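Here the structure is laid out as structure tokens; the discussion comes afterwards.
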2 protein chains.
Amino acid sequence: MNSLLSDVRLPLYQRLRDQLAQQIAANRWRAGEAIPTEATLASEYGLSVGTVRKAIDMLVSEHILERQQGRGTFIRRPQFDSSLFRFFRFQSLSGERQVPESRVLVVEPMSAPSAVSESLRLRPEADVIRLLRLRLLESEPVLVEEIWLPREPFEAILDIDLNEQGPLLYPIYEQLCGQVVASADETLTAEPVSDVHGRLLRIAEGSPVVVIERLARDYAGQPLEWRRSRGRASHFRYSVEIR
Amino acid sequence: MNSLLSDVRLPLYQRLRDQLAQQIAANRWRAGEAIPTEATLASEYGLSVGTVRKAIDMLVSEHILERQQGRGTFIRRPQFDSSLFRFFRFQSLSGERQVPESRVLVVEPMSAPSAVSESLRLRPEADVIRLLRLRLLESEPVLVEEIWLPREPFEAILDIDLNEQGPLLYPIYEQLCGQVVASADETLTAEPVSDVHGRLLRIAEGSPVVVIERLARDYAGQPLEWRRSRGRASHFRYSVEIR
DNA sequence: GAGTGGTCTAGACCACTCA
DNA sequence: GAGTGGTCTAGACCACTCA
């Protein structure tokens, strides 16, 4: 029988939630894999099923686990459903939603500028890889993206032709470099476009662009990628409900 | 003993949640008032306390109810904590967060332009009131707001001097017109500023502004106010976490 | 049909509030 | 000390999955 560590003043369901979260971060199970059943966890930890369910409820509402009635409870594969990129109107002429194509313009190893080394929590001037790419819909540029990766686990990116891959980078990180993006923080700002980026997006210098910065992390919370994407403000509309 | 209406195929906690939500919308209790205790609801509806707790849990996570251990469960006063306006950096020079002052420039009755009558769900050209106001921090303009109200419940706004009131309109709506804002939808876009708004915000025409549109509703979901606010993009930074 | 999560109950005991 | 919500248990039965 396992036992719950952590602060004994906390409720049992909270302590179980923390213990499970820690094991998930330590990769005890892979994305898509099932954790033990509620009954198993209950007997392992000497808790009632109700208490185990409450711990799992918390991790489900945090989007870390996913229940499937009759099948089990699974480590959730990251969906990026809530990404701010969803709020760019990337539609084809026929109106259906599409993933923009990718055209990689630059792939280069370099030493990290200070903003990059700070974001990725690397030492100053650490070895990094910089990507510059354009995202297009029906040959129209919709986003310019600058992407920074620590060189160490991502070295293999330098040896392949990214333009022969699909438009999504995260599957490549996973298959080529064994790095899984589990969560991300995004921030949204707006600014007048620079000369260079305006030319790439085919809009006049000074036109408003929406800037989305994203720091992506693995399951342990370790930064994997930092990117800054710019898209035409006229294609962006974000909504929230307030109560 | 009360009985649960609604679809008998739904779980009991879901049906109780719906029934409570309906009574809250129908103003059975005021904001800040307590609903009956869990034990009372359980015996009234012939349910176990566990089932009642699950229904209340749902309404709590929807920010409709608020629990206070030892005191009771209360109708939540709207907080507007999650409003997009929170992401404007409205700080004084000393760095503390402030509610910007309000200077009302225009208060006029008129017939609704089509965008306004559609948003407020009024008939075309219905009588409305238009406000134009500037929000300032230490005499610096930070937001321009256009606000539209249906004339019928808000008539009294025309008879007072809004510049002698505080900067917040919702308490005035409540005290003067008996209208309580319970929820709102907001959308965020960015655009180059017009000549007129640029002059009010003291920025060059064409500089990027963040535009926040808000439709505010009462407890029954009836639209009460539509506003469109513009602020300098350089003062705006919005963050989300993705999993 | 064995195994999973989903719903629901009845009840014990605890922590907190407030007169 | 009476009354509130918070935690936890043990167990029944249901709905769904999958071989």
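Here is how names work: the chains are called A, B, and so on, in the same order as the sequence lines, proteins then strands, and each is numbered from 1. Treat the numbers as computed from the prediction; the structure is a model and nothing was measured.
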Roughly how many Å is it from [atom1] in [X] to [atom2] in [N], rounded to a whole number?
{"X": "B:E66", "N": "C:dC16", "atom1": "CD", "atom2": "P", "value": "18 Å"}
{"X": "A:L12", "N": "C:dA15", "atom1": "CG", "atom2": "P", "value": "13 Å"}
{"X": "B:R53", "N": "D:dG6", "atom1": "CZ", "atom2": "C1'", "value": "5 Å"}
{"X": "B:K54", "N": "C:dG5", "atom1": "NZ", "atom2": "C1'", "value": "11 Å"}
{"X": "A:R71", "N": "D:dC16", "atom1": "CZ", "atom2": "C1'", "value": "11 Å"}
{"X": "A:Y45", "N": "D:dT7", "atom1": "OH", "atom2": "P", "value": "20 Å"}
{"X": "A:L59", "N": "C:dG5", "atom1": "CG", "atom2": "P", "value": "14 Å"}
{"X": "B:Q68", "N": "C:dC16", "atom1": "CD", "atom2": "P", "value": "14 Å"}

>> Testing the basics here: between B:D18 and B:L10, what is the closest heavy-atom pair and its distance to 0.1 Å?
In response: OD2-CD1, 4.3 Å
> Just how far is it from atom CG of B:L41 to atom CZ of B:R53, taken to the nearest 0.5 Å?
Replying inline: 12.0 Å
>> Going by purine N1 to pyrimidine N3 plus the second Watson-Crick contact, or the G-U wobble pair, all under 3.5 Å, which nucleotide sits opposite D:dT17?
In response: C:dA2
>> Under a plain distance cut-off of 3.5 Å, with no hydrogens placed, do B:R217 and B:S183 share a side-chain donor-acceptor pair?
In response: no
> Have B:Y170 and B:Q179 got a donor and an acceptor in their side chains that come within less than 3.5 Å?
Replying inline: no
> Quick one: is D:dT7 close enough that its OP1 or OP2 comes under 4.0 Å of any side-chain N or O from A:T51?
Replying inline: no
> Is any side-chain N or O of A:Y13 closer than 4.0 Å to OP1 or OP2 of D:dC8?
Replying inline: no
>> From C-beta outward on B:Q69, which listed nucleotide comes closest to its side chain: D:dA15, C:dT9, D:dG5?
In response: D:dG5
> Which part of the nucleic acid, if any, lies within reach of A:I56 when heavy atoms closer than 4.0 Å are counted: base, sugar-phosphate only, or nothing?
Replying inline: nothing
